[in-house]
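Encoded as structure tokens, the structure appears first; notes follow it.
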Amino acid sequence: MVTVFGLGFVGLTTALGFAHLGYKVYGVDVDAERKKILRAGKLPFLEPHMDKVLAENLGKNFFVTDDVAAAVADSEIIYYCVGTPYGADGSADLKYLFAAVDSTIDAVADDKFRVLVTKSTIPPSTTAEKIIPYVSEKTGGSKNFAVANNPEFLREGHCWEDFLGADRIVIGCDDERARAILVKLYAPMNIPIKCVTPSTGEFIKYLSNTLLATLISFSNEMAQIADTIGGIEVAEAFRILHMDKRWNGCNMTSYVYPGCGYGGYCLPKDTNAMFAQSRAKGFEPQILKNVIATNDNRPKNIARQIVKNLDKNSTVGILGLSFKPLSDDVRDTPALHIIREILDAGFKKIVAYDPAANEEFARRYPDLPVKILNSAREVYDAANVLAIVTAWDEFRGVPNFGDKKIVDCRYML
Ligand SMILES: NC(=O)c1ccc[n+]([C@@H]2O[C@H](COP(=O)([O-])OP(=O)(O)OC[C@H]3O[C@@H](n4cnc5c(N)ncnc54)[C@H](O)[C@@H]3O)[C@@H](O)[C@H]2O)c1
């Protein structure tokens with residue numbers, strides 16, 4: 001029996017994943033609207049396949065509950081999949097995680113052994129230096145609680161296939177009994193399980209995300225060098241790079257390609273959290289520092305290209321608002337930063353369209369003076385210049401609308 005705190009991309013996938021394997025799973029969330037949507041059998045975000053899995057498991061193996069005490073009483077394993085957003089100085093804010101740990105411990109009324117597992121991304125040493133001491137102090141040193149780290153590597157838009165077909169499962173845990181319980185939990189999946197220390201588990205997740213961010217910032221810097229020198233077919237150059245047999249056919253090439261900079265919930269906050277954690281421990285990483293700076297500067301450079309030689313009364317058309325195609329996630333989306341740069345440059349008329357994220361963008365950023373339109377065609381008709389900011393396939397057809405200037409920020413045309 002498992003309880004999952006946090007029913008976002010990671011938590012819902014985890015909860016439905018374990019339910020699909022036949023475990024009984026309780027889902028807990030503090031967001032009333034999210035629970036209402038889930039209880040109605042709907043998804044609170046765009047994610048392929050998950051509606052079907054939700055329908056198959058809701059009310060059978062998966063229960064969205066407000067009764068934390070009953071859920072915890074019935075569970076041997078408690079998962080934390082809550083957000084870990086930017087905190088002060090870019091470090092990870094752990095308040096949601098500790099609130100969920102508090103709810104768990106406050107709800108326990110027996111002396112069964114339980115494993116508290118963090119799946120949220122937390123900086124290396126957090127389990128050893130913060131969570132274990134916290135749980136120990138709060139429970140008076142009880143031996144009934146063990147703490148583990150189990151990082152998540154799924155990609156939004158591929159949550160379900162990444163759960164079922166994970167490359168590896170990492171269990172960061174020093175407690176033998178807890179480790180055995182988690183190995184048994186995942187055993188039916190037949191996926192390699194690597195047991196490591198909690199700090200190693202936490203580090204592996206950042207190793208992965210900071211490498212991806214580094215590849216993206218490297219590609220963007222190279223594209224800027226090429227644009228500065230001039231006469232270089234940037235997209236073609238990268239495609240030819242990908243033909244190298246040392247890269248060819250490897251999925252990683254999608255990260256070795258220029259664009260608008262990395263965005264979304266994870267890479268921006270995780271690069272900053274890793275930098276802050278290392279600096280707090282006494283080492284200021286220089287590559288990571290510049291990876292972040294390159295990404296932070298990218299929207300300004302892109303905005304400059306979009307409005308180059310443009311009259312301030314012109315209308316700028318933004319195509320794409322989500323941080324990547326096939327997603328409606330607009331958290332830390334490059335479109336937001338690019339739009340802000342264009343506004344800062346003195347342009348007041350901005351129109352935009354996204355095939356999936358129109359509503360979510362308007363909901364999350366209600367103060368942004370952007371007129372959201374219903375199609376790429378409407379944006380084309382209203383704007384003097386267009387910028388492709390998210391690489392949705394349908395934008396490949398926009399040049400057929402006419403001969404207005406299109407800035408292909410994704411190098412996709
Ligand atoms: N989104 C991804 O692609 C991804 C991939 C791997 C790891 N992660 C990590 O997983 C974690 C969750 O990410 P996400 O994208 O699923 O976030 P999310 O914002 O989609 O979901 C987090 C959920 O936690 C809920 N919550 C907050 N406090 C709570 C509490 N005390 N009790 C119960 N629920 C609570 C929120 O209401 C929200 O529904 C983060 O640490 C993130 O870095 C995310």
Side-chain angles (χ1 to χ4, degrees), residues 1-44 50-51 53-84 94-120 127 131-132 134-150 152 163 173 175 177-178 180-188:
M1 252 81 85
V2 182
T3 291
V4 177
F5 281 85
L7 298 173
F9 287 94
V10 169
L12 188 61
T13 308
T14 303
L16 291 176
F18 289 140
H20 176 77
L21 294 180
Y23 301 108
K24 183 174 176 186
V25 183
Y26 297 100
V28 178
D29 205 292
V30 290
D31 183 335
E33 179 63 21
R34 181 156 287 194
K35 285 184 288 193
K36 198 170 137 198
I37 294 171
L38 284 170
R39 282 180 178 129
K42 295 196 188 111
L43 289 181
M50 298 257 291
D51 46 353
V53 194
L54 179 65
E56 282 164 7
N57 290 284
L58 189 67
K60 295 185 193 97
N61 286 351
F62 173 56
F63 304 88
V64 179
T65 184
D66 294 321
D67 191 346
V68 177
V72 169
D74 210 16
S75 302
E76 186 183 25
I77 306 169
I78 317 290
Y79 262 91
Y80 302 112
C81 303
V82 299
T84 47
L94 303 175
K95 68 171 178 274
Y96 302 110
L97 176 62
F98 281 103
V101 170
D102 280 345
S103 312
T104 310
I105 296 174
D106 293 345
V108 171
D110 57 36
D111 55 4
K112 275 196 301 199
F113 183 74
R114 286 184 176 81
V115 194
L116 313 186
V117 193
T118 311
K119 202 174 238 319
S120 302
T127 301
I131 306 177
I132 291 176
Y134 185 81
V135 170
S136 176
E137 200 193 317
K138 202 173 158 75
T139 62
S142 167
K143 296 277 175 258
N144 296 333
F145 296 89
V147 179
N149 179 257
N150 174 209
E152 179 54 61
F163 176 84
C173 186
D175 184 292
R177 191 171 166 194
I181 289 171
L182 294 176
V183 168
K184 197 169 153 211
L185 176 75
Y186 279 111

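These figures come from a predicted structure and were not determined experimentally. Residues take their numbers from the sequence shown, with the count starting at 1.
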Lys24/Asp74 ion pair, N-O < 4.0 Å: yes

Intermediate values then yes/no, side chain to side chain contact (heavy atoms under 4.5 Å, CB included), Ile181 and Ile77: CA-CA 8 Å; Ile181 289 171; Ile77 306 169; 3.6 Å; yes

Are the side chains of Pro188 and Tyr23 in touch, meaning some heavy atoms are under 4.5 Å apart? yes

Do Val2 and Leu185 have side chains that approach each other closer than 4.5 Å (heavy atoms only, starting at C-beta)? yes

Return the minimal non-hydrogen interatomic distance between Ser103 and Val68, and the atom names on each side. O-CG1, 4.0 Å

Contact between Leu12 and Leu43 at the side-chain level, heavy atoms closer than 4.5 Å - yes or no? yes

Just wondering, do Val64 and Leu7 contact through their side chains at under 4.5 Å, heavy atoms? yes

Does a side-chain heavy-atom distance below 4.5 Å link Leu182 with Asn150? no

Between Tyr134 and Asp102, is a side chain to side chain contact (heavy atoms under 4.5 Å, CB included) present by the stated rule, with each step listed? CA-CA 10 Å; Tyr134 185 81; Asp102 280 345; 2.5 Å; yes

Using 30° and 60° as the class limits, which term best fits the ring planes of Tyr26 and Phe63: parallel, tilted or perpendicular? tilted

Say whether, by atom type as modelled, one donor and one acceptor occur between the side chain of Lys35 and the main chain of Asp29 under 3.5 angstrom. yes

Using a strict 4.0 Å threshold on nitrogen-to-oxygen distance, state whether Arg39 and Asp66 make a salt bridge. yes

Under 3.5 Å donor-acceptor, Thr118 side chain and Asn149 backbone: no

Of all heavy-atom pairs linking Ser120 and Thr84, the shortest is CB-CG2, 3.8 Å

Is the ring pair Tyr80/Phe5 parallel, tilted or perpendicular, if the boundaries are 30 and 60 degrees? tilted

Closest heavy-atom pair and its distance - Thr65, Ala71: CG2-CB, 4.0 Å

Please assess Val117 against Ile78 for the test side chain to side chain contact (heavy atoms under 4.5 Å, CB included), listing each intermediate value before the final yes or no. CA-CA 6 Å; Val117 193; Ile78 317 290; over 6 Å; no

At their closest point, which heavy atom of Phe62 faces which heavy atom of Ala15, and how far apart are they? CE1-CB, 3.6 Å

Quick one: do Glu76 and Arg114 make a salt bridge, cutoff under 4.0 Å? no

Which atom pair, heavy atoms only, marks the closest approach of Val4 to Gly11? CG1-O, 3.7 Å

Taking the side chain as everything from C-beta on, heavy atoms only, tell me whether Leu38 gets closer than 4.5 Å to Pro44. yes

When rounded to the nearest 0.5 angstrom, what is the spacing between SG in Cys81 and CD in Glu152? 8.0 Å

Considering residues, nucleotides and ligands other than Phe98, do more than 12 of their heavy atoms fall under 6.0 Å from its CZ? yes

Heavy-atom nearest pair, Ala69 first then Ala107, reads CA-CB, 3.7 Å

As an exercise, state the distance from CD1 of Ile131 to NZ of Lys138, rounded to the nearest 0.5 Å. 14.0 Å

Flag, side chain of Ser136 to backbone of Ile132, donor-acceptor distance under 3.5 Å: no

Just so I know, are the side chains of Val101 and Phe145 near enough to count as touching, which here means a heavy-atom distance under 4.5 Å? no

Would Tyr79 and Thr3 satisfy side chain to side chain contact (heavy atoms under 4.5 Å, CB included), going step by step from the backbone distance to the final call? CA-CA 6 Å; Tyr79 262 91; Thr3 291; over 6 Å; no

Is the side chain of Asn144 donor-acceptor paired with the backbone N or O of Phe113 at a distance under 3.5 Å, no angle test? no

Report, as yes or no, whether the 6.0 Å neighbourhood of atom NZ on Lys112 holds more than 12 heavy atoms from other residues, nucleotides or ligands. yes

State, with a plain yes or no, whether a side-chain heavy atom of His20 is found less than 4.5 Å away from one of Asn61. no

